[in-house]
Amino acid sequence: MSGMDEHNSVQQPLVAELVALGWSYVPGKDLARELEQVFVEPEVVDALGRLNPDVAEVSERASEVVKLLRNLTFQVDDEGLVETNRDATKWLRGLGAHKFVGADGFRPVRLIDFENLSSNRFVVSDEVSFGSPGHKARFDIVLFVNGLPLVVGETKTAFRQKVTWITAASEVANVYGVKHAPFFTTNVFSFATEGRELMYGATGAPVEHWMTAGPTKEHPKLADVLHAAGWLLSPATVLKFLNSYTLFETPEDNSGSASLIKLIARYMQFDAVELMVARAHSGESRRGLIYHTQGSGKTLAMVFAAGQLLQDPALGNPTIVMVADRIDLVRNAWDQFRTTHMPRLLAPETAKALQDTLGPADRRGLIFTTVHKFAGAASNLNTRSNIVVLVDEAHRTQEGNLGLTMRAALPNALFFAFTGTPIAELDRNTFANFGDPQDPKKTLHAYTSDQSIADGMTVPIHVDPRLVTFQLDKTAVDQAFDELTAVEGLDEDQAEVLARRGSRVDVIFANPARIEAVCDDIVEHFYSTIDPLGMKAQVVVFDRAACVAYHARLTALLERRHTDGQQLDEAAVVMHVTGGKGEDEDWEQHRRTEAQEADLLSLDPPMSLGLSGCRNGEMPLGSGKIELV
C-alpha cells in the first residue's frame, strides 16, 4: 500500500506545512554539500558576508569562520556531544569572537540575525544523507538556517499500530545522536512523529525526557501534528528556542560529580514566559499570575523568564528579585539558577543585607530572598520601575502583612507570581492578590493538573480511603462536661466558649488515642502494601505539634518491629524550629541546620515515610517531614 507509507502519510504533509510556515524546500540530494559535510557551506559563507561587515570587507575571511565551525564538529568524539553543542550554541547566538588574519583584535561573528529574520535563509530538506560510504545515516527532515542544521526530524507511518513516536525518537537519540553525533553539533532540538503526536527533545536528551509540542489530545490525528508544527517548527520559534529557551546545566549528584545536560523549554513554559515578556513591555499592567500545577517545572520557567528579562534592552539593566516563603524553596531556586550558569546571583543573608542591597546599594542582577526579609522594610525602599519580582508559591505568606510590606518597599515593581496550588477564599485569594483583573480568570497563563496528567508530566492521584476506627463516648463526654461546668461555676456563655474550644479540629486530631490508632494503621499498611512495591509514602498531619506526636508513636512502633539481625528503621523529623514563643522545649531535638536538613532529604532509602505538618490544606513555614531510613 504505497499510498499509505511514511513518506506520503506523514513526511510529505509535514514538509508542505513547513513550506507554508516560511521554509524554502530543497530536496536533500540537491543541497550544495558533500555526504560527509555537516554544513551547507556555500550558505554559511553567504550569511557571513551578509551579517558581518568584516567579512563583507574581505570575503576570504569567511573561510576562517567555516574552518572554525568544522573544527567544532571534529571535537565531538573527544569532548562529548552536549559539551560541543554548548560551544556551538555560543557561536550561533553571536557570542563568539574571532581574530581575522591581518586584522587588529578580536571581532564578533554573527551566524544568524535574531532581530531581522528576513536576513536569514530558512531551508527545509528531506532525505538528507550524512556520513561515509558504508556508514551513513539518512535523516527524514532537516531544518537549515543559513546552511547550519538546527533541527532534525524523524517521521514514521501513521498506519502501523505498533509504531509510535517513541520508535522515531529512539532512532534520533540512540542511533543518529550516537553514531553520527557531528551532525548534531549545531542542533537546537530534534522532533519525532508518527502522524498522531509531535514530540521534541533537547540535544543529547534520552527519549524519556522528550516533550509534547502542545496540549495532548484524547484522539490525536495528523491535523493536530500539523497544528503543533505551526508553533514548534516555525522559523521564529526555532530561533527563539536557540536564543532564549536553551540552558546548559551541570547538576551535582549525591557523589558530588556533575555531567552537563541541555535543557529546553516545555510548551507551557515557553507560552508563559512569552506572555510575561510581552507584559513587561506593554506598561499597561504591573502584575500577572502564572498558575502551573505542581511538578510542571515552575522553577525552570522562572529561570527562562529571568534570563530574558535580565538581557532585555527595553528594561535597561533591571533587578530581578526571586521571592519564596521558605528557606528550602529559596535554596532550590538558587541551585536551579546556579547549575544553569545564570550570571550575577546574590542571596543576602539577613533582612538588613537585603534591604541595603535593594535600597542604598541599588544592585542589579538576580537577588534571592525569603519574603520574611522584607519585615520592617521602609516604604519606597526602591522606586525603580525596572525591578521585576518573581514570587514562588504565591498563595502563602506573600498574601499577608509581609506581602504588603514587600509591595510598599517596591511600589513600581512588576510582580509575577507563580503558584501550583492557588487559593480562592474570602480572606486569602491568590487570584485577587496577584492576578490582573483584565486577564481571563485573573490568570496570565494556566497549566492545570488535568492537562499535566494528559501530557504525561504528572501521574494521576488515586484515593484509597483508610478507615481508622476511633469513637468518642458521647454520653461520657457530655457527663464530664456537665460536671466541669458545675464545679467551675461556668455560666451559659462561658460553657459555650469551652464547648467550642473542645470541639476544635486540632483538639480532636491531637487526641492521643486517635494518634495511636492512625499510626498503627499507617505502619501496618506501609509494610503490607507500600514497602513491597518499593514505593514511598507521605503522611500529612495538622501542624508541627501533631508532627512531633506522630513521630514519637511511629518511632515506638518501629522499635517494636525491630528484631535481632535486622537494621532498625529510624524515623527522622524535618521541620522549622525557632525556639520562639509557643514551641515546646522538646521540639529542639528536631532543630537542624540547612546543611543537615539537605543531607537528610538527599538520602534515598529503600523505604520512607514522609510526614508533614500543615494547616487548612497548605504547607506553612513550620512544616515537618519524617523519613524512614
Side-chain angles (χ1 to χ4, degrees), residues 269 271-292 298-299 301-310 312 314-326 329-330 333 337 348 354-355 357-359 362-375 377-424 428-446:
Q269 295 166 337
D271 291 345
V273 174
E274 288 292 294
L275 290 171
M276 293 170 65
V277 172
R279 176 146 298 176
H281 288 172
S282 70
E284 298 175 359
S285 174
R286 304 301 295 173
R287 58 179 173 168
L289 176 65
I290 294 87
Y291 167 31
H292 284 190
K298 294 191 300 298
T299 303
M302 297 170 85
V303 175
F304 287 123
Q308 284 209 57
L309 294 169
L310 272 178
D312 194 332
L315 295 182
N317 193 19
T319 299
I320 312 296
V321 184
M322 291 281 302
V323 180
D325 69 349
R326 294 210 316 260
L329 292 179
V330 174
F337 277 71
L354 170 69
Q355 293 168 31
T357 299
L358 289 172
D362 196 21
R363 281 287 297 271
R364 311 302 170 102
L366 271 164
I367 298 173
F368 295 77
T369 182
T370 59
V371 67
H372 306 83
K373 290 177 182 174
F374 280 95
S379 297
N380 299 318
L381 178 67
N382 194 316
T383 59
R384 275 195 289 115
S385 61
N386 64 339
I387 295 176
V388 182
V389 180
L390 303 180
V391 180
D392 191 14
E393 293 300 348
H395 61 286
R396 294 195 284 233
T397 47
Q398 288 89 341
E399 293 181 325
N401 291 331
L402 287 172
L404 294 175
T405 302
M406 176 174 63
R407 287 174 173 80
L410 308 173
N412 298 318
L414 180 61
F415 281 83
F416 289 115
F418 288 74
T419 183
T421 52
I423 290 175
R428 293 181 303 161
N429 192 308
T430 311
F431 301 98
N433 289 329
F434 293 99
D436 189 303
Q438 302 302 315
D439 292 332
K441 299 182 179 179
K442 298 182 180 179
T443 303
L444 180 62
H445 190 268

Minimum heavy-atom distance [X]-[Y], with the two atoms named:
X: Val391; Y: Met406; result: CG2-CE, 4.4 Å
X: Lys298; Y: Asp392; result: CE-OD1, 4.3 Å
X: Gly288; Y: Arg279; result: CA-NH1, 4.0 Å
X: Ala306; Y: Leu366; result: CB-CD2, 3.9 Å
X: Ala413; Y: Val389; result: CB-CG2, 4.1 Å
X: Leu390; Y: Met276; result: CD2-CE, 3.9 Å

Between [X] and [Y], is any pair of side-chain heavy atoms under 4.5 Å apart?
X: Arg287; Y: Pro437; result: yes
X: Leu358; Y: Phe374; result: yes
X: Lys442; Y: Leu289; result: no

Separation between [atom1] of [X] and [atom2] of [Y], rounded to the nearest 0.5 Å:
X: Arg364; Y: Leu315; atom1: CZ; atom2: CG; result: 11.0 Å
X: Ser385; Y: Leu410; atom1: OG; atom2: CG; result: 12.0 Å
X: Asn386; Y: Ile320; atom1: CG; atom2: CD1; result: 8.5 Å
X: Thr357; Y: Lys373; atom1: OG1; atom2: NZ; result: 10.0 Å
X: Met302; Y: Leu309; atom1: CE; atom2: CG; result: 11.0 Å
X: Phe304; Y: Glu274; atom1: CZ; atom2: CD; result: 12.0 Å

Do side-chain atoms of Thr405 reach the backbone of Ala375 as a donor and acceptor pair under 3.5 angstrom?
-> no
Return yes if some donor-acceptor pair links the side-chain N/O of Arg363 with the main-chain N/O of Thr319 below 3.5 Å, else return no.
-> no
Please determine, by modelled atom types, if Asn382 and Asp362 share a side-chain donor-acceptor pair under 3.5 angstrom.
-> yes
